[in-house]
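Residue numbers run from 1 in the order of the sequence given.
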Amino acid sequence: MSLNSWPITGAEPAPSFDLLANGGAAYDRILRRIDQARRTVMLRCFEWRDDDTGQSLARALLKAADRGVAVTIYKDRVGRHYEHLEATKQSFFHKKIEFTARLQTWALMTFYGRWGSLRQNPSRLATALVAHPNVKFVDNKRFDHAKLYVFDDETVILGGMGIGDDFRDTNVDFMVEITGGGAAARLADRYEGRAPFDPARSFDYLLHTLRSQDRKGLAAERFELIAGARERLTIEMAYLGDPASTDILVAAVKRGVKVTMLTAARSNVGADLNLFTCAELLRRTGSPENLRIVLHPRMVHGKAIVGDGEWVDLGSANFTQLSHGDYEEVDLFCRDRGFAKRVEQAIEDDARAGEPARLPLSYSRIYVAAERAVSAFHAREKRG
C-alpha cells in the first residue's frame, strides 16, 4: 500500500509515545512489529549495513513477505558511501559500485583517513529480499535521510538510527514508537502534502520533503519552537554546523534560557565542524552558567530537542545545512509532558558519561572548511 492510500478507519485511541532509548530496545521492538505485521510494512532508510543487524532485519522482512505481508523499502543511495566507509564496510544492497560512486567513496576515505571497502561481498539474502513478489524495493531515491517504519498503516517508529550493528550496539541514539491518534494517517497526509505542520496539535511531524506544502519548512518551524523556549532547552544532537542553528541557540542563551547540549567528543564524520560549532557557542555567549555543552566519549547519533519540559522534536534531522535544506528528514513533534520528561531524563542520563566542553577546543580550521565544502557539494548535487 502506498503512502497516499493509508486509510483512516473508525475512532482512534489517544496517541501514545514510547521512547526507545538505545539500539537494543529499538531493534527488539522493530523486529517484534515486523513479526506481528498482518498487512503492510513500509520503511525508509539512509544506511543499511551487511552485518548481523542488517541481516536480522532482512530475514524478518523476508519472513513477513512469505506470509503475505506487502513490504515496501525506500533505500537512499547517498547512504551507500558511508556503508562502504564505516563499520563492516559492507553495504547490504549496494554491492555494485559504479565509477562515479567509486570516486566519491574514495574521496571520503581519503578525507577522513579511514580506508573502507570498494570490494563488496555478494548477499543471497539481499537478492532474495529484493526479488520477492511481495517486496517493493525502491533505490533510485536520493538524499532521503529518514529512519522510518510504518506497520499495518497504524504504528510508526522513527528516529535517528540507521540499520547496522553500530547503531544497535554502540551509538547513543533514540527512536520513538507512535501508536493511536491516527499516527500513520497523519504521517501520510504530511508526506503527500495534504496538511501543513500544525504546532497546536498534540503531535505532528516536522518534515523536509519535496512533496511538503509547508510554506516555512522544517528549519524555520524548528527555529520558531526553539525561539519560543522560555526556561530551558535540552538537546542531544549528532551533527552541528548550520550557522542559523548556532544563531538561534546563541539567542536563547543570551535571553536567559538554560541550554544543555550533548554531542560526541569526536563524531564519526564532521568532527571538526562539530567542535568548531561548540567553540562558537561558548565564545559568542561568553560561556555563561546557563550554557552547558557535554562531549560524550561514544558516538552520539541521536537528534532530539526538549523545550521547557513541554514539547519534543525527535527524529532524523541534525543541526546541519544538509538536514535543514537538502536532505529529506522526518521528526516527531509532540506536546506530551510525560514523553518530554522521559526524553529529557534520557539525555541527562547520557550526559553523565561525558565531560563539559571548555575553551579552547581543539579542531582543524582546514577540516572545518572542507566539511562545509562537502555539505555544499551535496547540496549542489541535489539541486542539480
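The salt bridge (Lys or Arg N to Asp or Glu O under 4.0 Å) pairs that include a residue from residues 303-312 are R230-D308, R230-E310, E310-R337, where partners are two or more places apart or lie in different chains. Applying the side chain to side chain donor-acceptor pair (under 3.5 Å) rule to pairs touching residues 357-366 yields R283-Y363, sequence neighbours excluded. For the salt bridge (Lys or Arg N to Asp or Glu O under 4.0 Å) condition, the pairs that include at least one residue of residues 78-92, sequence neighbours left out, are R49-E86, K75-E83, R80-E98, E86-R114. Among residues at least two apart or in separate chains, side chain to side chain donor-acceptor pair (under 3.5 Å) pairs with a member in residues 116-134 are D66-H132. The list of ring-ring contact (aromatic ring centres under 6.0 Å, His included) pairs with a residue in residues 240-272, not counting sequence neighbours, is empty.
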Practice task
Kindly indicate, with the supporting measurements, whether the criterion salt bridge (charged side-chain N to carboxylate O under 4.0 Å, His left out) is fulfilled by R33 and E177.
Solution key: CA-CA 10 Å; R33 288 297 185 186; E177 181 180 77; 2.7 Å; yes

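Counting only N and O atoms by type, the side chains of R335 and S202 include no donor and acceptor under 3.5 Å apart. For the residue pair E328/H208, the side-chain donor-acceptor check at 3.5 Å is not satisfied. Side-chain contact of T277 with T246: a donor-acceptor pair under 3.5 Å is absent, judged by distance alone.
A 6.0 Å sphere centred on CD1 of I366 holds no more than 12 heavy atoms belonging to other residues, nucleotides or ligands. Environment of CD in Q345: crowded, with over 12 heavy atoms of neighbouring residues, nucleotides or ligands closer than 6.0 Å.
Using a 4.0 Å cut-off between charged side-chain N and carboxylate O, R284 and D247 make a salt bridge. Ion pairing between R32 and D35 fails under the 4.0 Å rule for side-chain N and carboxylate O. The existence of a salt bridge linking E289 and K258 is excluded, since no basic side-chain nitrogen approaches an acidic carboxylate oxygen closer than 4.0 Å. Salt bridge status for R266 with D272: present, with a side-chain N to carboxylate O gap under 4.0 Å.
In this structure N290 satisfies the side-chain hydrogen bond (donor to acceptor under 3.5 Å, both in side chains) test with no other residue, sequence neighbours excluded. Residues meeting the ring-ring contact (aromatic ring centres under 6.0 Å, His included) test with F167, sequence neighbours left out: H301. Residues passing the ring-ring contact (aromatic ring centres under 6.0 Å, His included) test with Y27, sequence neighbours excluded: none. With sequence neighbours left out, the ring-ring contact (aromatic ring centres under 6.0 Å, His included) criterion links H94 to no other residue. With sequence neighbours left out, E224 forms a side-chain hydrogen bond (donor to acceptor under 3.5 Å, both in side chains) with K216. For H145, the ring-ring contact (aromatic ring centres under 6.0 Å, His included) test picks out F46, Y327, with sequence neighbours left out. Looking at residues two or more places apart in sequence or on another chain, you find no side-chain hydrogen bond (donor to acceptor under 3.5 Å, both in side chains) involving D51.
Between V343 and the choices D336, V176, T234, V312, the side-chain contact (heavy atoms from CB on, under 4.5 Å) rule is met once, by V312. Of the candidates T53, L57, D76, L57 is the only one forming a side-chain contact (heavy atoms from CB on, under 4.5 Å) with W48. Only one option out of F203, F197, Y205 pairs with F333 in a ring pair (Phe, Tyr, Trp, His ring centres under 6.0 Å); it is F197.
Taking the centre and axis of the six-membered ring of Y74, the NZ or CZ atom of R44 falls inside the cone set by 45° and 6.0 Å.
F93 has its ring centre less than 6.0 Å from the ring centre of F137.
Closest non-hydrogen pair, V294 versus A351, comes out as CG1-O, 3.6 Å.
Here CG of D152 is found 5.0 Å from OG1 of T40. Values are rounded to the nearest 0.5 Å.
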